[in-house]
A.B. asks: 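To start, I am sharing the structure in question, which I have written as structure tokens.
Being a predicted model, the structure only gives us computed values, none of them experimental. Only this structure's heavy atoms are used, side chains among them; waters, hydrogens and symmetry mates stay out.
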Amino acid sequence: MKYELKTYTLQKLARAFKDKCLPINREYQRGPKWKGRQNQDLIDSLLRGYRLPLFYVHLVDEPDPFTDGIRTTRYLVDGQQRLEAIK
């Protein structure tokens, strides 16, 4: 498996997640499970300047029948609860 580390702002990740440009693949994610207190604790950590764990994204190349080319879809593998709290 090939992997590559890229850096994006938290704002860009949250916006992509909110705009559904970073869909959830149910094979990886079980759904949002955090309660109010966990969301508050994450926001508190951000305000204190603590670093967050990495977010993992799986890139899938698929044929695009409209253009006869290839399109890449990005699926969120890890970080759904954190992005839900930030969103």
A.B. asks: Output a table of donor-acceptor pairs, distance under 3.5 Å, between side-chain atoms of residues 36-43 and any protein atom two or more places apart or on a different chain; print 'none' if there are none.
C.D. replies:
residue	atom	partner	partner atom	Å
Arg37	NE	Asp41	OD1	3.2
Gln38	OE1	Lys35	N	2.8

A.B. asks: For Asp19, which residues count as a salt bridge (Lys or Arg N to Asp or Glu O under 4.0 Å) partner, sequence neighbours excluded?
C.D. replies: none
A.B. asks: Can I get a per-line list of side-chain donor-acceptor pairs under 3.5 Å for residues 7-14, giving both atom names and the distance, sequence neighbours left out?
C.D. replies:
residue	atom	partner	partner atom	Å
Thr9	OG1	Lys12	N	3.0

A.B. asks: Who are the side-chain contact (heavy atoms from CB on, under 4.5 Å) partners of Arg48, not counting sequence neighbours?
C.D. replies: Asp44, Tyr50
A.B. asks: For the residue pair Leu59 and Val57, establish whether any side-chain heavy-atom pair is separated by less than 4.5 Å.
C.D. replies: yes
A.B. asks: Excluding sequence neighbours, so at least two apart, what forms side-chain hydrogen bond (donor to acceptor under 3.5 Å, both in side chains) with Ser45?
C.D. replies: none
A.B. asks: Within the 4.5 Å heavy-atom criterion, are Val60 and Tyr75 side-chain neighbours or not?
C.D. replies: yes
A.B. asks: Look at atom CZ of Arg74 and say whether more than 12 heavy atoms of other residues, nucleotides or ligands are closer to it than 6.0 Å.
C.D. replies: no
A.B. asks: Quick check: do Ile70 and Glu62 have side-chain heavy atoms less than 4.5 Å from each other?
C.D. replies: no
A.B. asks: Could you tell me which residues satisfy side-chain contact (heavy atoms from CB on, under 4.5 Å) with Asp68, sequence neighbours excluded, listed by chain and number?
C.D. replies: none
A.B. asks: Which pairs would a plain distance check flag for residues 76-87, meaning a side-chain donor or acceptor within less than 3.5 Å of a matching protein atom at least two apart in sequence or in another chain?
C.D. replies:
residue	atom	partner	partner atom	Å
Asp78	OD2	Arg82	NH2	3.0
Gln81	NE2	Gly31	O	3.3
Arg82	NH1	Pro53	O	2.7
Arg82	NH1	Leu54	O	3.3
Arg82	NH2	Leu54	O	3.3

